[in-house]
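Structure first, then comments.
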Amino acid sequence: MAEEEVTIDSLTTKVRSYSPEADVELLRKAYIFSREAHCSQKRIEGTPYINHPLSVADILADMEMDVATIAAGLLHDTIEDTGTTAKDIKEIFGEEIAFLVESLTKLSKIEFKTKEEAQAENFRKMLLAMSEDIRVILIKFADRLHNMRTLQFLPENKRRRIATETLEIYAPLANRLGIGWLKIEFEDLSFKILMPELYDELVRKVAKRTEEQEGYLKEVGATIEEKLREEGLHGRVSGRVKHYYGIYQKMQRQRITFDQVNDVLGLRIITDTNANCYTIMGIIHSLWTPIPGRFKDYIAMPKSNMYQSLHTSVIGPKGERVEFQIRTEEMHKIAEEGIASHWRYKEKDSVGDRDSRYISWLRELIQSQKELRDAREFLEEVKGEVIPEVVYVFTPTGEIKELPVGSTPVDFAYSIHTQVGHKCVGAKVNGRIVPLRYQMRNGDTVEIITSPTHGPSRDWLKFVVTQRAKNRIKQWIKSEETKQSIELGLKLLEVEIRRHHLKPSILKTPEMQAVAKEFSMQSFDDLLVSVGYGKVSPHQVINRFLPEKMPEEAVHREARPGKEQKGISIKGIDHILYHTAKCCFPIPGDALVGFVTRGRGVTIHRRDCPNLEQLAIDDARIVGVDWKPGNETTSTARLVVDAVDRPGVIADLSALISSVNVNISHIEANTTQDKKAHINFNLEVKDKMQLAGLMQKIAQTEGIVRVKR
């Protein structure tokens with residue numbers, strides 16, 4: 001996206017346009033400071049680095065933020081990327097701006113084991129600061145938006161990583177805070193980078209449909225405007241186009257083609273009062289037939305991000321479907337700008353009721369994060385919390401709880417308290433006993449039945465949907481399994497000690513602690529867990545104490561990799577059986593993880609395998625696995641293709657697959673009642689890149705609804 005160049009003069013002019021009294025001298029001072037600090041730096045495309053903080057400040061000015069926020073936008077990278085310290089910022093610009101800048105500075109001083117861990121911990125730090133001052137996240141949004149707009153200059157793997165993070169974290173967070181325009185831009189920019197060909201295809205199709213239907217919608221809009229004039233009602237009618245990623249999501253969710261998406265174009269009516277919203281909806285329903293089940297009242301029951309509107313779809317003139325959104329000016333402002341509109345011209349500490357409702361979920365989350373072991377779990381929980389589709393249910397005392405669609409009484413129990421979740425044995429919904437896997441509906445009153453002797457079941461992981469419930473169940477199961485493994489490991493070592501006529505007291509010696517360290521274990525308990533799971537044999541441990549095994553070679557022997565199969569090597573385990581999982585069919589290029597199963601060796605899964613959610617509760621059962629470089633063998637991958645059923649569809653797909661030198665080892669196909677073909681292919685492929693190229697070709701074939709691994 002080509003951008004107009006931002007200057008400090010254009011920035012101060014913009015700020016003065018909405019806040020004539022603003023202290024623009026402070027902005028000039030921040031600009032000069034930032035320019036000097038970054039003077040020797042350039043962005044990857046070769047432009048002076050100062051252009052980035054200026055653009056971030058300009059986006060914040062578009063959001064009509066206060067001077068402190070915009071100054072922090074100008075200074076946001078100074079502590080991290082230059083010799084500037086937090087103390088310098090505080091002395092020159094004061095405590096408020098220093099707090100905002102420091103909250104955005106990454107935790108670069110801490111050593112993290114993995115990139116994911118660093119990202120999660122930085123995110124946790126930022127959210128903690130955001131719960132104190134919402135402006136922290138607004139500056140981060142502006143920073144991320146400018147980076148997304150200029151992402152074309154980065155290498156592809158970095159582009160994809162940043163776009164994925166934007167789509168998974170920043171877009172849902174912008175949505176949760178009600179900033180509609182930002183959520184849409186984040187989603188579409190990410191979509192364009194992650195699926196460029198599909199994005200371009202949708203852009204073409206939407207433009208074509210807009211051209212075809214523009215006249216029709218103008219006609220419908222004119223009919224409404226005339227009717228409103230007759231009734232003496234205020235109302236502004238305009239067309240709206242569904243954004244590209246929204247269309248793509250709908251096609252995926254409902255397994256339909258673009259031609260079957262009805263609400264690509266629609267009409268929005270903005271009026272003056274809540275009562276008139278309902279009156280106008282009545283007028284629309286009197287003119288055309290409403291479609292049953294397509295009416296949603298978000299005015300009486302606003303979304304969690306304060307979004308309010310009436311949505312209705314009708315069969316309009318010539319039998320065409322038309323979707324309407326009806327709202328007031330105030331509702332429209334909130335739908336577009338969310339919390340940003342409330343924070344204008346406010347003092348930092350004057351948080352209104354409405355503002356605190358935006359982030360009360362975050363404060364609860366931060367309270368609960370004290371129970372979580374690491375930042376990655378917290379990040380997963382945040383992702384779960386920013387799900388846009390929710391149901392509203394009531395406690396027996398009438399308190400309203402908001403949970404993701406598909407939530408069960410177990411999710412509800414954990415949302416009240418971890419112990420209520422752990423002790424949950426049953427539930428009543430609207431006074432009737434229901435199964436624990438019952439999916440709650442809007443307006444249900446839920447009562448949890450508990451028992452002090454009860455504990456969670458692994459089966460619960462198959463149906464709970466909130467990350468909070470998943471994390472708490474996994475933690476409980478892990479701690480129980482760890483206890484059992486410690487007991488089993490101890491028994492196995494005691495048997496081995498007796499077999500070699502050694503003293504049981506060797507278990508408590510410093511030498512035994514040294515053996516644990518030799519196996520890269522933090523403590524003796526960790527060693528017992530590994531013995532209990534079968535990752536380390538009791539013989540390997542006790543061997544260290546046998547006199548005839550004392551030569552240097554035996555004491556310092558390195559654990560050899562497991563046997564290799566299909567170019568796979570397992571780190572640090574002696575002679576262990578393993579096989580690749582049939583649930584996810586890993587292929588070269590996939591990130592791998594090994595899972596130790598008692599008596600069955602190691603099963604190799606893709607790191608994104610959905611079954612790992614239930615399996616990999618305990619880190620002690622996970623082993624490192626890698627593909628060997630230079631591996632020439634092929635591996636089996638499974639593709640699932642949904643297509644519009646027509647004669648020859650399987651033959652066409654088979655020909656396409658053969659044309660890229662991929663062998664088909666197995667095909668299964670069936671047809672659904674709504675005339676869709678559901679086809680499973682087992683394919684022999686070289687690596688992930690070959691498969692990704694093939695999937696893109698299949699996705700672009702006429703009549704293909706969905707293709708996935």
Side-chain angles (χ1 to χ4, degrees), residues 6-12 14-16 19 21-43 47-110 112 118-119 121-147 170 340 343-351 366:
V6 183
T7 64
I8 185 62
D9 291 333
S10 70
L11 177 67
T12 53
K14 190 176 280 189
V15 173
R16 279 235 166 95
S19 179
E21 305 303 308
D23 178 6
V24 294
E25 284 316 304
L26 180 66
L27 294 182
R28 287 186 189 280
K29 186 171 155 188
Y31 165 71
I32 291 164
F33 185 93
S34 183
R35 190 184 63 193
E36 294 303 313
H38 291 294
C39 66
S40 61
Q41 294 172 307
K42 289 209 172 344
R43 295 200 91 205
T47 58
Y49 194 88
I50 187 64
N51 291 0
H52 169 62
L54 256 178
S55 299
V56 169
D58 191 58
I59 291 166
L60 291 165
D62 284 335
M63 293 162 80
E64 299 189 3
M65 298 310 295
D66 62 341
V67 166
T69 311
I70 297 169
L74 285 165
L75 299 164
H76 77 276
D77 275 337
T78 51
I79 296 178
E80 198 171 310
D81 294 345
T82 74
T84 308
T85 65
K87 192 165 171 272
D88 298 335
I89 301 281
K90 197 170 176 179
E91 281 171 5
I92 299 167
F93 296 99
E95 215 158 289
E96 182 183 9
I97 291 173
F99 169 79
L100 294 172
V101 175
E102 212 176 345
S103 299
L104 291 151
T105 305
K106 288 183 185 148
L107 304 160
S108 49
K109 307 285 179 288
I110 299 170
F112 293 104
Q119 176 217 29
E121 199 54 72
N122 282 316
F123 198 75
R124 166 144 75 178
K125 175 194 174 215
M126 190 179 70
L127 287 188
L128 283 165
M130 166 189 160
S131 70
E132 284 182 55
D133 192 328
I134 200 73
R135 294 175 299 177
V136 170
I137 197 76
L138 298 176
I139 300 165
K140 186 64 195 174
F141 281 157
D143 176 36
R144 177 54 60 121
L145 183 59
H146 184 247
N147 283 335
Y170 288 95
W343 271 76
R344 281 178 200 159
Y345 327 120
K346 287 195 175 179
E347 293 306 313
K348 180 183 164 199
D349 51 1
S350 65
V351 185
I366 283 161

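The basis for the numbers below is simple: all heavy atoms, side chains too, and nothing from hydrogens, waters or symmetry mates.
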Where do V67 and V15 come nearest, in terms of heavy atoms and distance? CG2-CG1, 4.5 Å
Shortest non-hydrogen contact between N51 and H146, atoms and distance: O-CE1, 4.5 Å
Run the ring-ring contact (aromatic ring centres under 6.0 Å, His included) test against F33 and tell me which residues pass, sequence neighbours left out. F93
For the residue pair D77 and H38, confirm or rule out a side-chain donor-acceptor distance under 3.5 Å. no
Please test L11 against I70 for side chain to side chain contact (heavy atoms under 4.5 Å, CB included), starting from the C-alpha separation and ending with a verdict. CA-CA 10 Å; L11 177 67; I70 297 169; 4.2 Å; yes
Rounded distance [0.5 Å steps], CG in L60 versus CG in L74: 8.5 Å
Is the closest basic N to carboxylate O distance between E91 and K87 below 4.0 Å? yes
Check the side chains of D58 and S55 for a donor-acceptor pair under 3.5 angstrom, ignoring hydrogens and angles. no
For E95, which residues count as a side chain to side chain donor-acceptor pair (under 3.5 Å) partner, sequence neighbours excluded? none
Does the side chain of K14 come within less than 4.5 Å of V6's, by heavy atoms? no
Scanning both residues in full, the closest heavy-atom pair of L100 with T69 reads CD1-CA, 4.2 Å
Less than 4.5 Å apart, any side-chain heavy atom of I137 and any of F141? yes
Any ion pair linking D9 and R28 (charged N to carboxylate O, less than 4.0 Å)? yes
Measuring from atom NE2 of H52 to atom OG of S34, what distance do you get when rounded to the nearest 0.5 angstrom? 9.5 Å
For residues L104 and D143, determine if any side-chain heavy atom of one lies less than 4.5 Å from a side-chain heavy atom of the other. no
A37 and T84 have their tightest heavy-atom pair at CB-OG1, 4.0 Å
Are any non-hydrogen side-chain atoms of V136 and K140 less than 4.5 angstrom apart? no
Nearest non-hydrogen partners of A72 and I139, listed with the distance: CB-CD1, 3.6 Å
Nearest heavy-atom approach of I8 to L27 is CD1-O, 3.9 Å
To the closest 0.5 Å, what do you measure between CG (D66) and CG (D23)? 11.5 Å
Criterion side chain to side chain contact (heavy atoms under 4.5 Å, CB included) on R35 and L54, from CA distance to verdict: CA-CA 9 Å; R35 190 184 63 193; L54 256 178; over 6 Å; no
Side chains of L26 and I97, heavy atoms from C-beta outward: is any pair under 4.5 Å? yes
